Amino acid sequence: MGYDLVIFDNDGVLVDSEPLANSILAGYLTELGHPTSYEESLRDYMGAAVHRVHDLVGERTGQTLPADFDATLQSRTAVAFERELKPVPGVQDVLAALVETGTAYCLASSGSHERIRVGHRAAGLDEWFEEEWIFSSEDVGQGKPAPDLFLHAADQMGVAPARCVVIEDSPLGVQAAAAAGMDVYAYTAMVPADRLPGATGYFGDMNQLAALLGLEGGYSGGFDH
């Protein structure tokens, strides 16, 4: 295998959260007097930390969001996650292949640690990630598209950036991985490849990822963890 560490984005890559999260965000912004469609939320905020929402609303309207915006958004999102969230189809097989081949992996997400934990419990992925393998934009000064989060994850995992590969599904995430000097495979289930420029490679189904990572042959399929 060509990599010593696989770094997963979380939302849309591990947990199938983007449709839920962006529907809630678009609805909440609209409710607050900032009309936002689901498609606009995906375009502007997918893969970003919540401070980007504050920044863009401020730039566009000159207004500030309520002081409890983050807490309310987190609460609404958590309720939806507990009720509906599922893992991305096929990702548990990829994780099992990494475990079986002894390949290190972690996640680096724009979401908060609390959001990550809630989502993993709801989707049944919590058993796959030790706490020290989970990194959030809360841990660094700048979130994606800055490279800080991916560089922090690599440093904490003890792997040089050039030996890392990132699995992403958002334009901001692909930009961040490239800026960190890492290869990045872009998952195109929600965003087409032409909107994810700069990736090392592209795949539309998690069943293709094991081959891209060079894991085939060391794994027989079907997860049991």
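No hydrogens, no waters, no symmetry mates; every other heavy atom, side chains included, goes into these values. Because the structure is a prediction, the values reported are computed rather than measured.
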Do Asp139 and Gln156 have side chains that get closer than 4.5 Å, going by heavy atoms?
-> no
Hey, is the main chain of Leu98 close enough, under 3.5 Å, to the side chain of Thr101 for a donor-acceptor pair?
-> yes
Pairwise side-chain contact, Arg121 with Val118, heavy-atom cut-off 4.5 Å (strictly under) = yes
For the student: nearest non-hydrogen atoms of Ala153 and Cys106, plus distance = CB-SG, 4.2 Å
In this structure, CG of Asp93 is separated from CG of Leu215 (nearest 0.5 Å) by 11.5 Å
Does any N or O in the side chain of Arg52 come within less than 3.5 Å of the main-chain N or O of Asp44, such that one atom is a donor and the other an acceptor?
-> yes
Find the distance between CG (Leu29) and CD (Glu40) and round it off to the nearest 0.5 Å.
-> 10.0 Å
Minimum-distance pair of heavy atoms, taken over all atoms of Pro19 and Ser23 | O-OG, 2.8 Å
Can you tell me if Thr200 uses its side chain to pair, donor with acceptor, with the backbone of Tyr185 under 3.5 Å?
-> no
Heavy-atom side-chain contact between Val50 and Phe69 under 4.5 Å = yes
If we only count heavy atoms from C-beta on, is the Arg117 to Ile134 side-chain gap below 4.5 Å?
-> no
Glu138 side chain vs His113 backbone, donor-acceptor pair below 3.5 Å | yes
Tell me whether Val13 is reachable from Tyr45 by hopping between hydrophobic residues (I, L, V, M, F, W, Y) whose side-chain heavy atoms are closer than 4.5 Å.
-> no
Drop me the distance from Met206's CE to Leu212's CG, to the nearest 0.5 angstrom.
-> 10.5 Å
Are Phe135 and Phe150 close enough that their ring centres sit under 6.0 Å apart?
-> no
Honestly curious: do Val140 and Leu5 fall in one hydrophobic cluster under the side-chain, below-4.5 Å linking rule?
-> yes
Passes side chain to side chain contact (heavy atoms under 4.5 Å, CB included), Thr77 versus Leu20? Steps please.
-> CA-CA 8 Å; Thr77 303; Leu20 287 172; over 6 Å; no
Check step by step if side chain to side chain contact (heavy atoms under 4.5 Å, CB included) holds for Gln63 and Leu32.
-> CA-CA 11 Å; Gln63 300 176 27; Leu32 292 173; over 6 Å; no
Spacing of Asp9 atom CG and Tyr187 atom OH [to the nearest 0.5 Å] = 12.0 Å
Can you tell if the side chain of Pro161 reaches within under 4.5 Å of the side chain of Leu151, non-hydrogen atoms only?
-> yes
Connected via hydrophobic side-chain network under 4.5 Å: Leu73 and Phe81 | no
Contact check, side chains of Tyr105 and Trp128, non-hydrogen atoms, under 4.5 Å | yes
Identify the two heavy atoms, one from Asp169 and one from Val191, that lie closest to each other, and give their separation to 0.1 Å.
-> O-CG2, 3.7 Å
Same cluster or not: are Val91 and Leu209 linked, directly or through other Ile, Leu, Val, Met, Phe, Trp or Tyr residues, by side-chain heavy atoms under 4.5 angstrom apart?
-> yes
Looking at side-chain heavy atoms only, is the closest gap between Arg115 and Asp11 below 4.5 Å?
-> yes
Considering all heavy atoms, the nearest Pro87-Gln92 contact = CG-OE1, 3.9 Å
Is the backbone N or O of His34 less than 3.5 Å from a side-chain atom of Thr36, with the two atoms forming a donor-acceptor pair by type?
-> yes
Shortest non-hydrogen separation from Gly204 to Thr188 and the atoms involved | CA-OG1, 3.4 Å
NE2-CD distance between His152 and Gln142, expressed to the nearest 0.5 angstrom = 14.5 Å
Are Met157 and Leu149 grouped together when hydrophobic residues (ILVMFWY) are joined by side-chain heavy atoms under 4.5 angstrom apart?
-> yes
Minimal heavy-atom distance between Cys164 and Val159, with the atoms involved, is SG-CG1, 3.7 Å
Value rounded to 0.5 Å, distance of CD in Glu84 from OG in Ser17 | 12.0 Å
Say whether, by atom type as modelled, one donor and one acceptor occur between the side chain of Thr30 and the main chain of Ala26 under 3.5 angstrom.
-> yes
Would you indicate whether the side-chain heavy atoms of Phe129 and Asn10 approach each other to under 4.5 Å?
-> no
Side chain Tyr202, main chain Leu196, donor-acceptor under 3.5 Å = yes
